[in-house]
Amino acid sequence: MRPLVFAANWKMHLGPGEARDYLATFRHAYAPVAGRQVWFFPPAVSLEAVAAGLEHRADLLAGAQDIHWEPKGAFTGAISGPLATQAGARATLIGHSERRHVFGETDEQTGKKVGAALRSELLPVLCVGETLAQREAGETGTVVTRQLEAALGTLATESLDKVTIAYEPVWAIGTGKNATPKDAALVHAEIRAWLKGRNASATRILYGGSVNLKNARELLAEAELDGVLVGGASLDPAGWAELVRTAAA
Ligand code: PGA
């Protein structure tokens with residue numbers, strides 16, 4: 001059994017002081033549940049505060065929202081895998097749709113970042129997903145497969161098993177529109193088939209896009225979903241604790 005992962009993507013919210021307060025509230029509100037892990041992706045400036053705030057609980061983990069593919073150098077504004085690790089990260093998001101669509105990140109760059117993450121012993125969380133226009137044109141499968149091939153196509157099975165994939169349809173992120181559990185499960189099954197073709201069985205597949213306290217349980221009732229990646233609904237520590245506690249049986 002793959003443990004369920006509840007990943008909180010804070011995006012550009014919660015500085016170090018706020019992160020400390022958040023973790024104190026969350027730890028108090030949420031006791032470990034067997035088979036459930038909670039991953040936090042704060043802004044880079046808050047990574048150390050979050051990592052310290054986990055207080056070595058084995059069910060909690062801190063991660064970066066993005067890394068550069070080079071380990072160091074003249075890349076103003078960027079952080080590398082080794083720097084994120086030093087700040088306490090054990091995972092990193094890669095290719096989030098905001099990185100792709102707001103910052104112009106390419107498929108090729110996501111591939112380089114996955115390699116860099118693995119070299120730094122960070123668990124890569126690769127985000128994939130189609131835009132509304134691509135969905136309406138019936139291109140969801142083609143787009144997702146292209147993103148998987150570009151980022152993970154050259155990995156050996158052993159590395160692929162360390163990867164987590166987050167299927168996040170772009171039209172569902174921050175919009176209040178989420179894919180139906182069946183829509184999500186269909187794409188998850190395609191991703192699972194792609195992984196099976198490469199003999200990877202431990203890779204987790206999360207769903208993301210307007211997941212909240214109301215819809216999380218219904219989404220996680222689909223066996224294809226190994227967890228959720230949540231933005232807006234992860235920003236309040238008590239609400240997030242409740243979501244993680246109540247979203248699965
Ligand atoms: P949302 O964001 O839950 O606010 O839609 C999800 C994400 O972008 O990872």
Side-chain angles (χ1 to χ4, degrees), residues 5-13 39-43 63-67 69 91-114 117 124-153 163-195 203-216 218-220 222 224-235 243 247:
V5 171
F6 292 83
N9 175 12
W10 290 359
K11 308 193 179 185
M12 203 165 69
H13 300 280
W39 296 6
F40 294 95
F41 295 92
Q65 292 179 6
D66 180 43
I67 55 164
W69 54 86
T92 180
L93 299 180
I94 291 172
H96 187 277
S97 75
E98 285 145 25
R99 298 299 318 169
R100 294 178 192 262
H101 296 288
V102 183
F103 297 98
E105 193 164 307
T106 64
D107 281 341
E108 190 206 346
Q109 290 171 342
T110 62
K112 294 204 288 196
K113 289 179 179 192
V114 169
V125 181
L126 176 74
C127 304
V128 298
E130 80 288 3
T131 62
L132 186 58
Q134 288 165 334
R135 168 159 286 249
E136 285 173 348
E139 292 169 3
T140 301
T142 321
V143 170
V144 168
T145 307
R146 190 199 72 221
Q147 292 170 334
L148 293 175
E149 289 284 350
L152 310 175
V163 173
T164 298
I165 295 168
Y167 168 57
E168 297 204 307
V170 180
W171 48 271
I173 296 178
T175 57
K177 292 184 203 149
N178 64 310
T180 65
K182 290 276 171 277
D183 285 341
L186 275 175
V187 181
H188 279 233
E190 283 187 55
I191 297 172
R192 186 60 67 200
W194 188 89
L195 290 165
T203 313
R204 299 184 184 92
I205 313 175
L206 316 182
Y207 172 77
S210 295
V211 175
N212 57 37
L213 194 54
K214 288 206 181 83
N215 59 29
E218 197 191 354
L219 283 160
L220 285 170
E222 291 292 336
E224 296 287 348
L225 273 65
D226 300 319
V228 284
L229 175 57
V230 182
S234 73
L235 291 176
L243 191 156

Practice task
With rounding to the nearest 0.5 Å, note down the distance linking CD1 in Ile94 to CZ in Arg100.
Solution key: 10.0 Å
Handout entry: Smallest separation among heavy atoms of Ala166 and Val125, with atom names
Key = CB-CG1, 4.2 Å
Problem - From Ile173 atom CD1 to Leu229 atom CG, the distance as rounded to the nearest 0.5 Å - result: 8.0 Å
Exercise for the section: In sequence, state the C-alpha distance, the side-chain angles, and the governing distance for Asp66 and Lys113, and then conclude on side chain to side chain contact (heavy atoms under 4.5 Å, CB included). Expected result: CA-CA 8 Å; Asp66 180 43; Lys113 289 179 179 192; 2.8 Å; yes
Exercise for the section: Just do the side chain to side chain contact (heavy atoms under 4.5 Å, CB included) check on Tyr207 and Val187 with the steps written out, would you? Expected result: CA-CA 10 Å; Tyr207 172 77; Val187 181; over 6 Å; no
Handout entry: Enclosure of Glu139 CD (heavy-atom neighbours >12, cutoff 6.0 Å)
Key = yes
Exercise for the section: Look up atom CG in Leu152 and atom CD in Gln147, then write down how far apart they are to the nearest 0.5 Å. Expected result: 10.5 Å
Exercise for the section: Identify the two heavy atoms, one from Phe6 and one from Ala247, that lie closest to each other, and give their separation to 0.1 Å. Expected result: CE2-CB, 3.8 Å
Exercise for the section: Locate the shortest heavy-atom distance separating Val211 from Ala216; write the atom from each residue and the value. Expected result: CG1-CB, 3.9 Å
Handout entry: Distance in Å, Leu219 CG paired with Leu206 CG, rounded so as to fall on 0.5 Å steps
Key = 12.0 Å
Handout entry: Exercise: identify the closest heavy-atom pair between Trp39 and Val5
Key = CD2-CG1, 3.7 Å
Fill in the blank from the handout: So NE2 of His188 and CD1 of Ile205: to nearest 0.5 Å the spacing works out to 6.5 Å
Handout entry: Heavy-atom donor-acceptor pair, Asn212 side chain to Gly232 backbone, under 3.5 Å
Key = no
Practice task
Determine the minimum heavy-atom distance between Gly208 and Pro169, stating which atoms define it.
Solution key: O-CD, 3.4 Å
Problem - Within 6.0 angstrom of Glu149 CD, more than 12 heavy atoms from elsewhere - result: yes
Handout entry: Test item: Glu218 and Asn178 side chains (from C-beta on) under 4.5 Å apart, heavy atoms
Key = no
Exercise for the section: Only counting residues at least two apart or in another chain, list the ones meeting side chain to side chain contact (heavy atoms under 4.5 Å, CB included) with Thr131. Expected result: His101, Ala133, Gln134, Val170
Practice task
Examine the side chains of Gln65 and Trp10 and answer whether a donor and an acceptor come within less than 3.5 Å of each other.
Solution key: no
Problem - Test side chain to side chain contact (heavy atoms under 4.5 Å, CB included) applied to Thr140 and Leu186, step by step - result: CA-CA 10 Å; Thr140 301; Leu186 275 175; over 6 Å; no
Exercise for the section: For Thr145 and Thr142, indicate whether the former's side chain and the latter's backbone hold a donor-acceptor pair under 3.5 Å. Expected result: no
Problem - Asn9/Ser234 under side chain to side chain contact (heavy atoms under 4.5 Å, CB included): CA gap, chis, key distance, verdict - result: CA-CA 7 Å; Asn9 175 12; Ser234 73; 5.7 Å; no
Handout entry: From CG (Asp226) to OG1 (Thr203), nearest 0.5 Å
Key = 9.0 Å
Practice task
Kindly give the heavy-atom pair with the smallest separation between Lys11 and Pro43, and that separation in Å.
Solution key: O-CG, 3.5 Å
